[in-house]
Amino acid sequence: MKTKKNIAISLLTCNEFTMLKPCIDSLINSDLKNHNFKLFHYDNNSKDEGNNYINSLDIPTLQFISNENKGIVIPRIKLYDNIVEEGGFDFLLEIHPDMLFPEVWLEPLLKIDNSKTLILQPHIYTRRKLTTLTEFKKYIKDTKEEIIYDKCRQVHPWLIKLNLVNNVGGYYDPIFSPQRYEDDDLVYRVLKNNYLIRSTNQSNVYHQGEASRSKLLGNKGADHGNKFLKKHGLKSKQTFIEMFETHPAIRL
């Protein structure tokens, strides 16, 4: 019998109900349902039906609703802190509302987990705007030969192993608030500390990409890029890019 994992879902939203509902519906009807999970939701001052929808779900949920848009980093840290405080979770599953999950995507990832893995992530299909799981399933390639990578460029969703996060200096760094380079910083620390970011082509998820970030406060790309280089003593981002075996994203 397979061991059930305890998974904390970290979800951040901002006026994304049209994408949110198919995302969550597909997620809770996927192989995630073979495990124990709880949804931790932070809303960035939405004015749509999203919060009512979350409240209507028959799953364990903890919600935080802000009266202003606080970006990505601070809300994600708040969700992480509450997940750690509650305790008992094996993984943090960070999702975005612009995702669709097929019936099987989680088990292939758990199958490749090992003691040196800190992050597990699927291959993602991205860019083309899809709205239903039926649409997405038409694009998934039938790949019989499994290919596993150990040092992947970050994509979302990802499963972060909670008992190892402190070994690499913690979760997101607030210096990258409101957004940009927070995930680059985390994965750099993961690989520099000799942990793995693993992915298999047997796990595939749709992620439109940038649908959430475009609504957030300020880009901060150049400024945070310089902060990232200074923090890690790098002369250019090329050193960072060369750390990865692959970027498991498939553009539609």
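In what follows, every heavy atom counts, from backbone to side chain, and hydrogens, waters and symmetry copies are set aside.
With contacts defined as side-chain heavy-atom distances shorter than 4.5 Å, the pair Val73/Ile175 does not qualify. Annotation: side chain of Thr200 is not in contact with side chain of Ile147 (no heavy-atom distance under 4.5 Å). Inter-residue side-chain proximity for Asn44 and Asn15 is flagged as unmet; no heavy-atom pair is nearer than 4.5 Å. Side-chain contact between Pro97 and Thr13 is present, with heavy atoms from C-beta onward closer than 4.5 Å. Side-chain contact between Phe37 and Ile28 is present, with heavy atoms from C-beta onward closer than 4.5 Å. Between Thr117 and Lys161 there is a side-chain heavy-atom pair separated by less than 4.5 Å. Counting heavy atoms from C-beta outward, Leu93 and Leu27 have side chains that approach closer than 4.5 Å. Residues Leu162 and Ile83 form a side-chain contact, since some pair of their non-hydrogen atoms from C-beta on lies under 4.5 Å apart.
Asn45 and Asn67 share no side-chain donor-acceptor pair at under 3.5 Å. If you check the side chains of Glu103 and Ser30, you find no donor sitting under 3.5 Å from an acceptor. Donor-acceptor pairing under 3.5 Å is recorded for the side chains of His96 and His207. Between the side chains of His35 and Asn6, not a single donor N or O lies within less than 3.5 Å of an accepting N or O.
The cluster map of Ile, Leu, Val, Met, Phe, Trp and Tyr, joined by side-chain heavy atoms under 4.5 Å apart, puts Val84 and Leu164 in the same cluster. Side-chain heavy atoms closer than 4.5 Å link hydrophobic residues (I, L, V, M, F, W, Y) into clusters, and following such links, possibly through other members, connects Leu79 to Ile72. Put simply, Ile9 and Val205 are part of the same group of oily side chains (I, L, V, M, F, W, Y) that touch within less than 4.5 Å, one to the next. In the hydrophobic clustering of ILVMFWY residues, with side-chain heavy atoms under 4.5 Å counting as a link, Leu120 and Tyr195 come out apart. Taking hydrophobic clusters as Ile, Leu, Val, Met, Phe, Trp and Tyr residues chained together by side-chain heavy-atom distances below 4.5 Å, Ile160 does not share a cluster with Ile95.
A distance-only check finds no donor-acceptor pair linking the side chain of Glu86 to the backbone of Asn82 [under 3.5 Å]. In terms of modelled atom types and a separation under 3.5 Å, the side chain of Glu182 and the main chain of Arg180 share a donor-acceptor contact. With hydrogens and angles ignored, the 3.5 Å screen pairs a side-chain donor or acceptor of Ser66 with a backbone N or O of Glu68. Checking side-chain atoms of Glu245 against main-chain N and O of Asp150 turns up a donor-acceptor pair under 3.5 Å. Between the side chain of Ser26 and the main chain of Cys23, a donor-acceptor pair closer than 3.5 Å is present.
Ring geometry, Tyr172 versus Trp158: the interplanar angle falls from 30° to 60°, so the pair is classed tilted.
Of the candidates His224, Lys231, Lys227, Asp185 forms a side-chain hydrogen bond (donor to acceptor under 3.5 Å, both in side chains) with just one, namely Lys231. Under the side chain to side chain contact (heavy atoms under 4.5 Å, CB included) rule, Asn204 has a single partner from Trp105, Tyr125, Phe101, Tyr139, which is Tyr125.
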Quiz item: So Phe136 and Arg128, side chain to side chain contact (heavy atoms under 4.5 Å, CB included) or not? Walk me through it.
Solution: CA-CA 10 Å; Phe136 171 46; Arg128 185 184 297 271; over 6 Å; no

Practice problem: Verify ring pair (Phe, Tyr, Trp, His ring centres under 6.0 Å) between Tyr188 and Tyr181, making sure each step is shown before the conclusion. | Solution: CA-CA 10 Å; Tyr188 182 84; Tyr181 281 87; over 10 Å; no

Self-check item: Working for side chain to side chain contact (heavy atoms under 4.5 Å, CB included), residues Met99 and Tyr206
Solution: CA-CA 5 Å; Met99 294 178 174; Tyr206 167 73; 5.8 Å; no

Quiz prompt | Verdict with supporting geometry, Gln63 and Asp43, side chain to side chain donor-acceptor pair (under 3.5 Å) | solution = CA-CA 8 Å; Gln63 280 209 81; Asp43 181 80; over 6 Å; no

Quiz item: Do Phe228 and Phe240 pass the ring pair (Phe, Tyr, Trp, His ring centres under 6.0 Å) test, and can you show the C-alpha distance, the side-chain angles, and the key distance before you say yes or no?
Solution: CA-CA 10 Å; Phe228 170 78; Phe240 171 65; 5.2 Å; yes

Practice problem: Determine, step by step, whether Lys78 and Lys70 satisfy the side chain to side chain contact (heavy atoms under 4.5 Å, CB included) criterion, reporting the C-alpha distance in whole Å, the side-chain angles of both residues, the deciding distance to 0.1 Å, and the verdict. | Solution: CA-CA 11 Å; Lys78 183 172 181 63; Lys70 294 188 176 181; over 6 Å; no

Practice problem: In sequence, state the C-alpha distance, the side-chain angles, and the governing distance for Leu130 and Gln208, and then conclude on side chain to side chain contact (heavy atoms under 4.5 Å, CB included). | Solution: CA-CA 7 Å; Leu130 306 179; Gln208 182 183 327; over 6 Å; no

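In terms of heavy-atom proximity, Ile59 sits nearest to Leu39 at CD1-CB, 4.1 Å. Nearest heavy-atom pair across Asn51 and His41 is OD1-CE1, 3.1 Å. Across all their heavy atoms, Asn69 and Cys14 have their closest contact at ND2-SG, 3.7 Å. Contact record, Ser199 with Cys152: CB-SG, 3.5 Å, taken as the closest heavy-atom pair. A pairwise comparison of heavy atoms in Leu100 and Thr132 identifies CD1-O, 3.4 Å as the closest pair. Considering all non-hydrogen atoms of both residues, Pro122 and Val155 come closest at O-CG2, 3.4 Å.
The structure places NZ of Lys33 at 9.0 Å from CG of Asp31, a figure rounded to the nearest 0.5 Å. A distance of 10.5 Å separates CZ in Phe176 from CG in Leu186, rounded to the nearest 0.5 Å. Atom CD1 in Ile119 sits 10.5 Å away from atom CG in Leu196 (nearest 0.5 Å). For the atom pair NE2 of His156 and CG of Asp98, the computed distance is 11.0 Å after rounding to the nearest 0.5 Å. Distance CD/Glu146 to OG/Ser203: 10.0 Å, rounded to 0.5 Å. In this structure, OG1 on Thr131 lies 4.0 Å from CD on Glu135, to the nearest 0.5 angstrom.
Between Tyr42 and Tyr80, the gap from one ring centroid to the other reaches at least 6.0 Å.
Of the charged side-chain nitrogens involved, at least one lies within less than 4.0 Å of a carboxylate oxygen, so that Arg153 and Asp184 count as a salt-bridged pair. Ionic pairing of Asp113 and Arg198 is not present here: no N-O contact between side-chain nitrogen and carboxylate oxygen is shorter than 4.0 angstrom.
Applying the salt bridge (Lys or Arg N to Asp or Glu O under 4.0 Å) test to every pair with at least one member in residues 17-30, sequence neighbours left out, gives these pairs: Lys21-Asp25.
Atom NZ of Lys116 is surrounded by more than 12 heavy atoms from other residues, nucleotides or ligands within 6.0 Å. Within a 6.0 Å sphere centred on NZ of Lys192, other residues, nucleotides and ligands contribute 12 heavy atoms or fewer.
Figure legend: cation-pi geometry between Lys151 and Phe244 absent, as NZ or CZ is not positioned both under 6.0 Å from the six-membered ring centre and within 45° of its axis.
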